Amino acid sequence: MNRFTRKAAALAAGLGLAVASLAAHAEGKISIAQQFGIGYLLLDVVRDQKLIEKHGRQQGVNIQVEWASISGATAMNEALLAGALDVVSAGVPPMLTLWDRTRGKQNVKAVAALGSLPNYLLSNSPTVKTIKDLSDKDRIAVPAAGVGFQSRTLQIETARVFGKDEFKRFDNISVSLPHPEATAALIAGGSEINTHFSSAPFYYQALAANKNIHKLISSYDILGGPATFNVLYTTQKFHDENPKTYKAFYGALVEAAQLVKADKAKAADIFIRVQKSKLPPDLVRRIVEDPENDFTVSPHRTFVYADELQKLGVVRNKAASWKDYFFEEAYAQPGS
């Protein structure tokens, strides 16, 4: 073998090792981001019980899992499209917006629901009883103003009450603020934040801490019943190039949902431990046991969002069913 042949062989061997390394990396790593609140309980269970690693071993893959905490759908979507994260989590509307925007490109779709939990639009103002009472002097705290779950849900109700052309009526008085800070501001009073579209456990805390705080409307009221709050979503590339890792991840989510249903007290303890929560254990258990809250991977009423947001022009592409914007692994569960 002459020196040119030896160099070619060495280069080929190096390329082969590089390809093998990339393949091994692809099927052995997943990065996941979640937001704050008990709406992400299934991910806390997956993390605490190391369920992705467990299901990965069943697939013959040792999976390295990286976890991140991010507030707001905008940051989530930017991180996913930049390739900084493999899987992100947010409300149904931000996922649908990204599904719509990336069709024919990254082809973002939902992996699974994280549960059907209501959000409450709260106010500490005695003069604000319904959204008709909101004015320019009020400020509504939401995690991602104008684009997040809470804002889009409010836009749907605003269009119903004031007409389609007015669906962004309250965007100009909405302020992006993480739930913990918004809750503290609402309870304390005296700040410009007098309204908050709040998720669990934060609305439980707010309603208990300040007698002036009251509910204006629930997301369940707006959507016609129990509906998915948050979903996990990823790109077609990650889904297709990591079949074993993806299958392990989905299997872990299903097992986590089963664990929560079978042992709500254990699930509540996991939330406190993983989140290092200072919430009273009795409150956490009450939230997990509340019949309004269903920690399931099955999507509920997500198509209401797809339909309404398409009518408002937020989403351009019309979905025929919920299966258009979920990856096929989710079809094993009932959905809507």
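Since the structure is predicted, the reported quantities are computational estimates derived from the model, not experimental observations.
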Inset, instruction - Determine, step by step, whether T183 and Q205 satisfy the side chain to side chain donor-acceptor pair (under 3.5 Å) criterion, reporting the C-alpha distance in whole Å, the side-chain angles of both residues, the deciding distance to 0.1 Å, and the verdict. - result: CA-CA 8 Å; T183 303; Q205 292 175 285; 5.3 Å; no

Sequence neighbours excluded, every pair satisfying salt bridge (Lys or Arg N to Asp or Glu O under 4.0 Å) that has a member inside [range]:
| range | value |
| --- | --- |
| residues 55-75 | K29-E66 |
| residues 162-190 | E166-R169 |
| residues 244-261 | K54-E255, K261-D294 |

For the student: nearest non-hydrogen atoms of [X] and [Y], plus distance:
| X | Y | value |
| --- | --- | --- |
| F271 | I38 | CE1-CA, 3.7 Å |
| P118 | S218 | CB-OG, 3.6 Å |
| A248 | H55 | O-CB, 3.4 Å |
| V128 | L216 | O-CD2, 3.3 Å |
| L81 | R101 | CD1-NH1, 3.9 Å |
| D324 | W99 | O-NE1, 3.4 Å |

Taking [X] for its side chain and [Y] for its backbone only, find out whether a donor-acceptor pair lies under 3.5 Å.
| X | Y | answer |
| --- | --- | --- |
| D100 | N317 | yes |
| T102 | K105 | no |
| E329 | V111 | no |
| N107 | G104 | yes |
| S89 | A33 | yes |
| N230 | L114 | no |
| R152 | G146 | yes |
| R301 | S336 | no |

Is there a path of hydrophobic side-chain contacts, each under 4.5 Å between heavy atoms, that joins [X] and [Y]?
| X | Y | answer |
| --- | --- | --- |
| L259 | L253 | yes |
| L309 | I222 | yes |
| V142 | V147 | no |
| V231 | L223 | yes |
| Y203 | L177 | no |

In the structure I gave you, are the side-chain heavy atoms of [X] and [Y] within less than 4.5 Å of one another anywhere?
| X | Y | value |
| --- | --- | --- |
| Y305 | P93 | yes |
| F162 | F170 | yes |
| D136 | N172 | yes |
| W67 | V46 | yes |
| P178 | Q35 | no |
| T234 | V108 | no |
| L122 | T195 | no |
| L232 | L43 | yes |

Legend entry - Any residue meeting side-chain contact (heavy atoms from CB on, under 4.5 Å) with P281, in chain and number order, not counting sequence neighbours: I272, R285

To the nearest 0.5 Å, how far apart are [atom1] in [X] and [atom2] in [Y]?
| X | Y | atom1 | atom2 | result |
| --- | --- | --- | --- | --- |
| M95 | L80 | CE | CG | 12.0 Å |
| T228 | W322 | OG1 | CH2 | 10.0 Å |
| E289 | D282 | CD | CG | 9.5 Å |
| D86 | E241 | CG | CD | 10.5 Å |
| R139 | I193 | CZ | CD1 | 8.0 Å |

Legend entry - Polar contact flag, side-chain donor to acceptor under 3.5 angstrom, D138-N194: yes

Legend entry - Derivation of the salt bridge (charged side-chain N to carboxylate O under 4.0 Å, His left out) call for D290 and R286: CA-CA 6 Å; D290 191 327; R286 181 161 69 88; 5.7 Å; no

Legend entry - Stepwise side chain to side chain donor-acceptor pair (under 3.5 Å) check, S123 with S125: CA-CA 5 Å; S123 178; S125 172; 4.7 Å; no

Inset, instruction - Test ring-ring contact (aromatic ring centres under 6.0 Å, His included) on F229 and F149 and set out the steps. - result: CA-CA 8 Å; F229 173 24; F149 171 91; 4.8 Å; yes

Inset, instruction - Might you work through the side chain to side chain donor-acceptor pair (under 3.5 Å) test for Q275 and D44, ending with a clear yes or no? - result: CA-CA 8 Å; Q275 295 297 324; D44 293 330; 2.7 Å; yes

Inset, instruction - Could you tell me whether K129 atom NZ has more than 12 heavy atoms of other residues or ligands within 6.0 Å of it? - result: yes

Legend entry - Neighbour count above 12 (heavy atom, 6.0 Å) for D133 CG: yes

Inset, instruction - Could you tell me which residues satisfy salt bridge (Lys or Arg N to Asp or Glu O under 4.0 Å) with R160, sequence neighbours excluded, listed by chain and number? - result: E157

Inset, instruction - With L41 as reference, evaluate V260, L117, I287 under the side-chain contact (heavy atoms from CB on, under 4.5 Å) test and give the passing residue. - result: V260

Inset, instruction - Show your working on side chain to side chain donor-acceptor pair (under 3.5 Å) between Y325 and T302 and close with a plain yes or no. - result: CA-CA 10 Å; Y325 46 83; T302 65; 2.8 Å; yes

Inset, instruction - Quick one: sort the F202 and H179 rings into parallel, tilted or perpendicular, breaks at 30° and 60°. - result: parallel

Inset, instruction - Classify the angle between the aromatic ring planes of H239 and F327 as parallel (below 30°), tilted (30 to 60°) or perpendicular (above 60°). - result: parallel

Inset, instruction - Using the side chain to side chain donor-acceptor pair (under 3.5 Å) rule, collect all pairs that involve residues 108-120, keeping only residues at least two apart or in two chains. - result: S116-H300, N119-Q150, Y120-E292

